[in-house]
Amino acid sequence: MATVIIKRLAKSPFVLITVLVTLAAFFFTPRSTFKSFINYPQQQRLFTAEELALYNGTDDTLPILLGILGSVFDVTKGKSHYGVGGGYHHFSGRDASRAFVSGNFTGDGLTDSLHGLSSTEVKSIVEWREFYFRSYTFVGKLVGRYYDSEGNPTKSLKGVEAKAARGTQLLEKQKKEEAKQPGCNSRWSQGEGGEVWCDDGFPRLVQRPLEIALTGKMSKRCACFTEDQLSEPGLEVYEGCDYLSKTCRV
């Protein structure tokens, strides 16, 4: 059968040339061409808040989606976390950007508004968005605060990006400032609790600048000061710790 086909092609040189050119194109096309075609991203869609709410994990026939800063991701592969009963279910079917740093997962806390957050907190939310880009599938954009009806970034999103950049700069500046004053050593165990100590100097709590402080314990840090520095303003002795003690229980 193959011999018959070859003989027929030989009688039709134009057909033979066409076949040979086609085969050559197939075998000698660079691998990158095929790779880019296979990996070509699917077209993303625009969601309204009402549409996104349908993908909250309560319908097993639909994927689970979440939004952060207006970017929407398919998190179905993490169903045990984002599905009903999962620890992160409150993020599903909505954009709850603020909750990624506030820890408020009820009522008004589940919002995409970042009003009142520091630049370092906003930076943390932007980093969470990058985590989802790396770990899950980006499927579209949420029309509203961060993207307009045509999918273009709004002034609010540009403002968030700029504020996050300022947060990065502030943290770098603070890191350099804190390097000038050595930090305390620390350790913690379930049986004995925690303690801080200084090899040289005495441990003191120092208030971080408001713009740097995130929340809670991160608003202060432990640093070591020499005896002649202890009279400087803003230094706080650990509760229950002697003024000149080199080790303090925390």
Side-chain angles (χ1 to χ4, degrees), residues 68-69 78 80-82 85-91 96-111 113-132 134-135 160 163-250:
I68 178 169
L69 297 178
S80 60
H81 302 293
Y82 296 98
Y88 304 140
H89 177 60
H90 37 257
F91 288 116
S97 297
R98 188 183 191 89
F100 279 92
V101 296
S102 71
N104 182 357
F105 305 128
T106 61
D108 295 339
L110 294 172
T111 177
S113 172
L114 308 187
H115 179 71
L117 296 183
S118 71
S119 59
T120 49
E121 288 174 314
V122 172
K123 174 181 177 292
S124 294
I125 295 173
V126 169
E127 290 172 346
W128 271 110
R129 183 188 61 181
E130 298 311 310
F131 162 79
Y132 282 98
R134 293 193 308 269
S135 306
V160 164
K163 194 168 186 176
R166 289 198 300 273
T168 299
Q169 294 172 350
L170 283 168
L171 286 172
E172 287 299 319
K173 180 180 179 181
Q174 184 67 11
K175 188 184 297 183
K176 292 178 181 178
E177 289 297 319
E178 292 185 356
K180 297 176 182 178
Q181 195 67 45
C184 305
N185 302 302
S186 64
R187 61 176 164 236
W188 182 90
S189 67
Q190 189 170 2
E192 299 181 1
E195 66 177 1
V196 294
W197 75 94
C198 295
D199 295 324
D200 296 304
F202 308 93
R204 291 292 186 271
L205 279 171
V206 185
Q207 182 72 41
R208 281 191 167 102
L210 182 61
E211 189 66 13
I212 297 295
L214 298 180
T215 53
K217 293 182 179 179
M218 288 196 70
S219 63
K220 298 179 181 180
R221 77 178 188 102
C222 181
C224 297
F225 293 85
T226 60
E227 187 170 357
D228 60 343
Q229 293 176 309
L230 297 181
S231 58
E232 294 180 5
L235 304 187
E236 180 181 341
V237 180
Y238 277 92
E239 184 178 354
C241 189
D242 293 336
Y243 185 79
L244 292 179
S245 176
K246 287 183 173 288
T247 301
C248 298
R249 307 294 300 180
V250 295

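Scope of the values below: all heavy atoms of this structure, side chains included, with no hydrogens, waters or symmetry mates.
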Heavy-atom closest pair, residues [X] and [Y]:
X	Y	answer
L235	E232	CG-O, 3.5 Å
K123	G167	CD-C, 3.9 Å
T247	W197	OG1-CB, 3.4 Å
K220	L205	CB-CD2, 4.2 Å
S118	K163	C-CE, 4.0 Å
F202	L244	CE2-O, 3.1 Å

So for atom [atom1], which belongs to [X], do other residues, nucleotides or ligands contribute more than 12 heavy atoms lying within a distance under 6.0 Å?
X	atom1	value
D199	CG	yes
D228	CG	yes
W128	CH2	no
E239	CD	no

Can any side-chain N or O of [X] pair as donor or acceptor with the backbone N or O of [Y] at less than 3.5 Å?
X	Y	result
R249	Y238	no
R98	S113	yes
K246	G201	yes
S189	E192	yes
S97	L69	yes

* Please assess K176 against E172 for the test salt bridge (Lys or Arg N to Asp or Glu O under 4.0 Å), listing each intermediate value before the final yes or no. => CA-CA 6 Å; K176 292 178 181 178; E172 287 299 319; over 6 Å; no

Tell me, do [X] and [Y] make a side-chain contact under 4.5 Å, heavy atoms counted?
X	Y	value
N185	V196	no
I125	L117	yes
Y82	H89	no

* Can you tell me how far the CG atom of L171 sits from the OG atom of S124, to the nearest 0.5 Å? -> 8.0 Å

* Residues which pass salt bridge (charged side-chain N to carboxylate O under 4.0 Å, His left out) with E130, listed by chain and number, not counting sequence neighbours -> none

* Intermediate values then yes/no, side chain to side chain contact (heavy atoms under 4.5 Å, CB included), R204 and V237 -> CA-CA 5 Å; R204 291 292 186 271; V237 180; 3.5 Å; yes

* Partner of F100 under ring pair (Phe, Tyr, Trp, His ring centres under 6.0 Å), chosen from Y88, F105, F91 -> F91

* Asked: Is the distance between the SG atoms of C224 and C198 less than 2.5 Å?
  -> yes

